[in-house]
Amino acid sequence: MDKTYAHQTTESRIYALWEKSGVFAPNADPQAPAYSIIMPPPNANGELHLGHATFVAISDALIRYHRMRGDATLWLPGVDHAGILAQVTFEKKLKKEQSKSRHDLGRTEFVKQCYQFCLDNKILMENQMRALGASCDWNREKFTMDPEISKLVLQTFVKMHQDGLIYRGYRIVNWCPRCRSTLSDLELEWTERQDPLYYINYGPFVLATVRPETKFGDTAIAVHPDDARYQKWIGKEIEVVGLLGTFKIKVIADSAVDKEFGTGVIKVTPGHDPLDWEIGQRHKLEVKTVIDFDGRLNDLTGPYKGLKVAPARKQIAADMQAKGLLKKVDENYRHTVATCERCGTVIEPLVSRQWFVKIKPLAQAAIKAVEDGTVKIIPEKYQAMYFNWMKNIRDWPISRQIWWGHQLPVWYARSEQKTPKQQQEFELLKQGDTRARTDILESPIVSLEKPTGADEYIQDPDTFDTWFSSGQWPVNTLKTSNINDFQRFYPTSVMNTAYEILFLWVARMIMFGLYLTGEVPFETALINGVLRDENGQKMSKSKGNGINPNEAIAKYGADAVRMALLAGRDSGNDLMISKQQMEERIRGYRNFSNKLWNIGRFILINLEKTNVKIPFYEDSTKNRQILVEDDKRILTELTLITNRVTDGLENYRFGEATSSLYEFTWHAFADWYLEAVKPRLSSENVQDQIQVLAILRHVYIQILKLLHPFMPFVTEEIWRQIPGVFEPLLATATWPKAII
RNA sequence: GGACUCGUAGCUCAGUUGGUAGAGCGUUGCGUUUACAUCGCAAAUGUCAGAGGUUCGAGCCCUCUCGAGUCCACCA
């Protein structure tokens, strides 16, 4: 053995050895219990970060542990096409490298190139997974855009439509003017901003608004029903002088109005504000749209037509000021605005016709599954979050006006489009102009195949929310995998992912899983905390505040990176750590692999020195009789640590399993026992030497086994250098017996 | 506004049925002895946020206060 452990040259060699030996595929023993994890598919828009490394470290530890236990163990890898995120990322790249927009390419070409972009990233990510030591079965790898996966995604939509769980309707939605798509509430990011709050003279009232540009869409004035100041106005019509002249508007009472805010009077703009939309629904108000899908004011706004929202607001405020319609302006008003999580653009609430999932029936079953423990959410604290969201869940808009994704299996017949506008729309869509809006086309036909017949049909250009497909992931991957995989491995054992996507993904998988199969998709949702920098910011590649896993692996080895993410922490909690501290942490575990290596060196050197063949330690009465106190003590501690590590793996306490193992290996075994035994090794008592060497080797072998799920590379490499071990690969060696 | 989490050594964090306070890193001193300087030995540092309660006993359970943070939500 060399003096130091060289992870640089070892890790890739060991990984290749594993892959070649086929140990990543589940064993075929029909008697073996099934254990399976579906990998959360990383987004295909870039490389992996340390957050991914966390789930690899955890999932791989579980997978390797169960493999060593002899279970039929499957870890199924995959990659997600990431809908909007990938499209935005690729559009940026397109613009930067070719100065082109997606419209320059056209839909077909854009999708083709985006597909390639994702495939390229997919290879990068696969290699990073390999570098981290992920022992997943690459032969079963899936991509959300694989044809057979896509087909199942569309089938689900058709089935749900038949079951009455899908509807198409006009609703106020979150519209991203840049992505030109609608978004679900979960895809928003709320950011605090400072904006002027305008106090507008409005007939007999003064009212406060941040958005004077939407006032052309006002269809009522609202006050709180109990507000004494305004009782006499409720139900009356008032006359208001506005920028476009004088108009009449009704005063209504609605308890959604806050008496304390501003003047206690609001204008109701159902076309451009979610709250106003609801008030409008309650009072059957007219919905007036004054801002279009491109984020510009439309012809209902007279001279402001064509202006974008921000400049329009300034212009309108200035004009109101000039006409004396503005009472005052509070320049220091702080509030939060919704922005597009993927591109940062301010969201425009707009009324649009979209496809929705009627979610309540699905949610009910999913709530029950967690309540009765069919699905366990670990740590338990996340259950509260889950219930809180699920019990207040709202219908889910699933259609997106983007190109990259699964296109809706929805068709429109030419003959059903009666108005000239609809016919024009039909024609534009047919020619591939996706700036055209589908929502005015009538009589959609939901069908996997294009309808046949004398009529002419075009497909709805919308694609699904990316979570609509990933929500079905455990079902669809296993159904398209090896024959019998679904039967053998569904429901899967553990779903390991971060709490950020508890609603976006975990909750939806439970709903889809139950809906599609009648069974939950996984027995345990193991939720991880996230890594944050010293300022509490989530680590991300775009912020540049995290360690690049590639660099860390190259410098310190994957084993060290994995340990640094697990040891001495509760993986369900966030970890706040600076770049430097993280690196120190990793270096500490690199030192540990070296320590482990050198313990091996010491033992092997001593084994070689003796001419006697050292028998493998057996826990027999004969051997026990000559054990001295030190021997008994280390063996007792070995038993304890074996139980502890096993218990840690069974109960997802990786922090405890790893640090107690570290402690035992370094301080009990190396610092104490190994030193204590040195005089005995140099003594004349051959029988005792044999005994000591047998124990040293025995304890060491057990340590390697216990450590393997966490530090697979260095342990496997050492395993190969120990002469005479029975099992060729540590990855498939037998897990030590434990009592827990 | 609703829900949840956290506050333990200089820093980052463990601490699971309540039983004499822990690790890593950092700091200080010493050290080349059958592996390892990517090392060894030794040392220092805590009213476990604060107050009250339950208990023979509380970092751990209960209540309140203060501080930090996260998620959800329609405050114009």
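Letters A, B, ... mirror the listed sequences (proteins, then strands); counts begin at 1.
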Report yes or no: is there a donor-acceptor pair, N or O only, under 3.5 Å between the side chain of [X] and the base of [N]?
| X | N | answer |
| --- | --- | --- |
| K381(A) | rC4(B) | no |
| E675(A) | rA35(B) | yes |
| K678(A) | rU33(B) | no |

Within the 4.0 Å heavy-atom criterion, would you say [X] contacts the bases, only the backbone, or no part of the nucleic acid?
| X | value |
| --- | --- |
| L674(A) | base |
| V268(A) | nothing |
| K609(A) | base |
| E584(A) | sugar-phosphate |
| F387(A) | nothing |
| M576(A) | sugar-phosphate |

Partner lookup for [N], please. Criteria are Watson-Crick or G-U wobble with both distances under 3.5 angstrom; report none if nothing qualifies.
| N | answer |
| --- | --- |
| rU27(B) | rA43(B) |
| rG59(B) | none |
| rC71(B) | rG2(B) |

Presence of [X] side-chain N/O under 4.0 Å of [N] phosphate oxygens OP1/OP2:
| X | N | value |
| --- | --- | --- |
| N573(A) | rU70(B) | no |
| R569(A) | rG24(B) | no |
| R587(A) | rU38(B) | no |

Whole-Å distance separating the [atom1] atom of [X] from the [atom2] atom of [N]:
| X | N | atom1 | atom2 | value |
| --- | --- | --- | --- | --- |
| Y700(A) | rC36(B) | OH | C1' | 11 Å |
| R585(A) | rC13(B) | CZ | C1' | 7 Å |
| E189(A) | rU70(B) | CD | P | 12 Å |

Item to check | Closest to side chain of Y662(A), choosing from rC71(B), rG24(B), rA35(B) | outcome: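 Among the listed nucleotides, the one closest to the side chain of Y662(A) is rG24(B).
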